[in-house]
There are 2 protein chains.
Amino acid sequence: MDQAKRERLVAKGWKVGSVSDFLDLTAEESILVEIKLALSQNLKERRQKLMTQTELASKMSSSQPRIAKAENGDTSVSIELLIRAMLATGATPQDIGQVIAGVR
Amino acid sequence: MDQAKRERLVAKGWKVGSVSDFLDLTAEESILVEIKLALSQNLKERRQKLMTQTELASKMSSSQPRIAKAENGDTSVSIELLIRAMLATGATPQDIGQVIAGVR
DNA sequence: GCCTTCTATATCATATTTGATATATTAATA
DNA sequence: TATTAATATATCAAATATGATATAGAAGGC
């Protein structure tokens, strides 16, 4: 795994406190993290073009802080919430599938 | 929404006890349910070709009953677990993206 | 019939994720 | 600079998801 990718993953506190901890991520765990980050980034791009975090939150009965966390790749945010948020921005299953398929 | 799809969704107790309850699903909620069902079905197909539920469970530090629920579209199963299970069967992000993109 | 393997169902204590709230920070603009 | 809008961070009680365990069915071979 290359340095750039590692830094990208480590950036937001993704489970790691040290490099060796990081290396203990199985391949599957690491892919899962990348899927979350990809959804997170895409959500932010979509949402910024359309509305504020507060507006999106109200559309999906969530809260602005939760949207902020979702867009910043916070580890406490589930894939479920990321997908619900994408859908609330008008994303289709095709859009979402494409984001996930684009990982790696 | 057509009858066939409704029956498919209602089949496993998806939030509904009555038709009117069902109709209270927003478009987004309904898409989310369909994404889960699509992942669920695909997981079952993949897993059956490769291993038992017990084997898959141990590969991903889960339990056989949880895999059974995942494959049967139980409402208590998160998208996260479905994707972790797919990955444990060797599915790639492309495989997963394709399943989601295939919804609707 | 019995035995074995696989899958489904039920229960439950624990862990994670949630929206809400308060508040801090940042950005833009008058 | 002061004001405002937008976003980020912190905390927390409630809701949801979790793996574990026990056990029941189902399907097949003997």
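Chain A is the first sequence line, chain B the second, and so forth, proteins listed ahead of strands; every chain is numbered from 1. None of the values given here were measured: they were computed from a predicted structure.
A close approach under 4.0 Å does not occur between any side-chain nitrogen or oxygen of A:R66 and OP1 or OP2 of D:dA8. At the phosphate of D:dA8, OP1 or OP2 sits under 4.0 Å from a side-chain N or O atom of A:N72. Phosphate proximity of D:dA8 to A:Q64: absent, as no side-chain N or O sits under 4.0 Å from OP1 or OP2.
More than 12 non-hydrogen atoms from other residues, nucleotides or ligands lie less than 6.0 angstrom from CD of B:E80.
For the pair B:E80 and B:K69, both in contact range of DNA chain C, the more 5′-proximal nearest nucleotide belongs to B:K69. Nearest-nucleotide positions on DNA chain D for B:S78 and A:K44 put A:K44 closer to the 5' end.
Annotation: the span from A:L87 atom CG to A:K59 atom NZ amounts to 12.5 Å, rounded to 0.5 Å. Rounded to the nearest 0.5 angstrom, B:L56 CG and B:L43 CG are separated by 6.5 Å.
Nucleotides of DNA chain C with any atom under 4.0 Å from a heavy atom of chain A span, from 5' to 3', C:dT17 to C:dA22.
Side chain of A:N72 to backbone of A:A68: a donor-acceptor contact under 3.5 angstrom is found. Side chain of A:R84 to main chain of A:A88: no donor-acceptor pair is present (N/O by atom type, distance under 3.5 Å, no hydrogens or angles). Panel note: side chain B:Q94, backbone A:A101; a donor-acceptor pair is recorded below 3.5 Å.
Using a 4.0 Å heavy-atom distance criterion, A:I67 is classed as making no nucleic acid contact. Counting non-hydrogen atoms under 4.0 angstrom, B:S63 reaches a base of the nucleic acid.
Not counting sequence neighbours, the partners of A:R66 by the side chain to side chain contact (heavy atoms under 4.5 Å, CB included) test are A:S62, A:S63, A:K69, A:S76, A:V77, A:L81.
The distance from atom CD of A:E45 to atom P of D:dT7 is 15 Å, rounded to the nearest whole Å. Distance, A:E71 CD to D:dT7 P: 7 Å, rounded to whole Å. Counting to the nearest Å, the P atom of D:dA6 and the CD atom of A:Q48 are 13 Å from each other. Between the CG atom of B:L82 and the C1' atom of D:dT18 there is a distance of 13 Å, rounded to whole Å.
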